[in-house]
Amino acid sequence: MGMNITPPPYKIKVIEPIKIIPVQERVKAIRVAHFNTFLLQSEDVFIDLLTDSGTSAMSDNQWAGIMLGDEAYAGSKNFRHLEEAIREIYGFPYIVPTHQGRGAEHIMSQALIKKGDHVPNNLYFTTRRAHQELAGGEWCDVSVPEATDPESVYPFKGNIDLSSLEQCIKRCNDTGSRIPYISMEASLNMAGGQPFSLRNLHGVRSLASAYNIPLYIDATRLVENAYFIKQREEHYAEWTVARIVKKICSLCDGITVSAKKDALVNIGGFIALRDRQVFERMREMVVIWEGLHTYGGLAGRDLEALARGIREMVDDDYIASRIGQVHYLGELLKEAGVPIVVPIGGHAVFLDAKRFCAHIPQNMFPAQALTAAIYVASGVRTMERGIVSGQHGNERYDGLELVRLAIPRRVYFREHMDYVADSIITLYKKRASIKGLRMMYAPKELRFFQARFEEIN
Ligand code: F0G
């Protein structure tokens, strides 16, 4: 395999049984779920790679923290612990807790965006873009072209294209449209979990400062981005991941975080920032939508688990083993000739459905069809990241058509990865048998969660 394997710096204390149901039942289950893996019952899933969100295994230290929940309505000591952890690891003074990432995105968008504003983003994340648009903003893409090329080996596909960004700013200046903030996502999820470089971030910071525009990062997977900087960018090989995380945060005005990823908890999110006035505006909003400003929709025990998770997530051995496992799976598939997005990302391996199912045109949802075929073949649950997730309204979409195999943190063994790879390699050899789909129903917003399909014969 060649990948330098770092053994996990932990061992097992509790297990949760999983079981594979027979293939005839899987065929039935995917039909009942209308070929949408979000609609499967989790008991019918063997290995769940739907998402790395909220699916981490917590440590004994975090579980011990759960018992120390201070469930007072106001002023819980667990919130103070969370503030201390965020100040120490990320370095921001002001914290707004939320129930999860989209709660933070909602408040950030409502607090900063006015109707007609333009918000430059490196590509998009589904919920982040939805909240920007619901607040009246217009999304503009300033990602580098490599981000949407699954075969490009460019090491920093999460970068912002600095000339696109400057053009976007100038265009807005000319037309009198405002840019409330620049939005930059770490470990760019929709491009395959791809990092930005510190060099690029410095460039974005310079433009933001020159035009006096705040810079807010989606730091949901910042630790994984920081690890890639350590691995790939000159000058940072000797830095700890914690130091890189701190450095990134020093270059932006604030962050929104879904704590269900990097931070190793099953629920939680927050905004952390430096601007006191903006903070106060957000704190007024959190009590309307989330809960009091010292719990934001979370229980005291959740705040404590999160405070502890934030300290654990920057352990260099842990993060090396976590991303090492993702790479192990990716390398198995790549070596067998299965088309995947390169470089292999931080939280997931992405199959390129345009090449995997070259016989299915994009308007017949090849990635969606592939998620269903993988489930039937193996009991493994994956997620569509293509036209179903990416197309907005009636706008044309010919972008990435991917299937994501997201790896939960500290959950599965190497044997699980071997099984997943084996099943997908076998399916790849029989890929001509995979059929396209027709969409029967789709909700208006975030349609991938609930859309229903049927097979085209
Ligand atoms: N930002 C990014 C980059 C995300 O990946 C997610 C969630 C969110 C924000 C929203 O956070 O789920 O806590 O409300 N991503 C999940 C995923 C759903 O599977 O990638 P949330």
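Note that ligands are numbered from 1 as they come in the structure, with each ligand's atoms numbered from 1 the same way.
In terms of polar-atom proximity, defined here as any N/O pair under 3.5 Å, Asp52 makes no such contact with ligand 1. Every N/O-N/O distance between Glu185 and ligand 1 stays at or above 3.5 Å. Backbone and side-chain nitrogen or oxygen atoms of Gly101 are examined, and one is located within less than 3.5 angstrom of a nitrogen or oxygen of ligand 1. In terms of N/O distances under 3.5 Å, ligand 1 is approached by Asn189.
Of all protein heavy atoms, the one closest to atom 8 (C) of ligand 1 is Phe125 CE2, 3.5 Å. Closest to atom 9 (C) of ligand 1 among all protein heavy atoms lies Glu105 OE2, 2.9 Å. In this structure, the protein non-hydrogen atom closest to atom 1 (N) of ligand 1 is Asp218 OD2, 2.6 Å. Ranking the protein heavy atoms by distance from atom 10 (C) of ligand 1 puts Thr127 OG1, 3.4 Å first. Ranking protein heavy atoms by distance to atom 21 (P) of ligand 1, first place goes to Gln100 NE2, 3.3 Å. The protein heavy-atom contact nearest to atom 15 (N) of ligand 1 is Lys261 NZ, 3.0 Å. With hydrogens left out, the protein atom closest to atom 11 (O) of ligand 1 is Ser258 CB, 3.2 Å, a heavy atom.
Between Phe156 and Phe196, the ring centre distance reaches or exceeds 6.0 Å. The aromatic ring centres of Tyr419 and Tyr412 sit 6.0 Å or more apart. Outside the 6.0 Å centre-distance limit, the rings of Phe35 and Phe453 are not counted as a close aromatic pair. Ring to ring, His416 and Phe413 are close: their centroids are under 6.0 angstrom apart. Between Tyr10 and Tyr318, a ring centre-to-centre spacing not shorter than 6.0 Å is recorded.
Of the heavy atoms in Arg404, only side-chain atoms (C-beta onward) come closer than 4.0 Å to ligand 1. Heavy atoms from both the backbone and the side chain of Arg102 come within less than 4.0 Å of ligand 1.
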Query raised in the report: Between Phe365 and Phe448, is a ring-ring contact (aromatic ring centres under 6.0 Å, His included) present by the stated rule, with each step listed?
Result: CA-CA 11 Å; Phe365 311 105; Phe448 55 93; over 10 Å; no
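Of all the atoms in ligand 1, the ones that sit under 4.0 Å from a non-hydrogen atom of Lys260 are 13 (O). Residue Thr51 has at least one heavy-atom neighbour below 4.0 Å for each of these atoms of ligand 1: 17 (C), 19 (O). Proximity to Arg221 (heavy-atom distance under 4.0 Å) selects the following atoms of ligand 1: 3 (C), 4 (C), 5 (O), 17 (C), 20 (O). Every atom of ligand 1 with a heavy atom of Met383 under 4.0 Å away is listed here by number and element: 19 (O).
At least one donor-acceptor pair closer than 3.5 Å links the side chain of Asp262 to the backbone N or O of Val223. Counting only distance, with no hydrogens or angles, the side chain of Asn122 and the backbone of Glu185 share a donor-acceptor pair below 3.5 Å.
When the options Lys230, Arg409, Lys261 are evaluated for a salt bridge (charged side-chain N to carboxylate O under 4.0 Å, His left out) with Glu224, the one that passes is Arg409. Between Tyr295 and the choices Phe270, Tyr73, Phe79, the ring-ring contact (aromatic ring centres under 6.0 Å, His included) rule is met once, by Tyr73.
Within the structure, the closest approach of Arg128 to ligand 1 does not fall below 4.0 Å when heavy atoms are considered.
Between the side chains of Ser183 and Arg128, a donor-acceptor pair is found at a separation under 3.5 Å.
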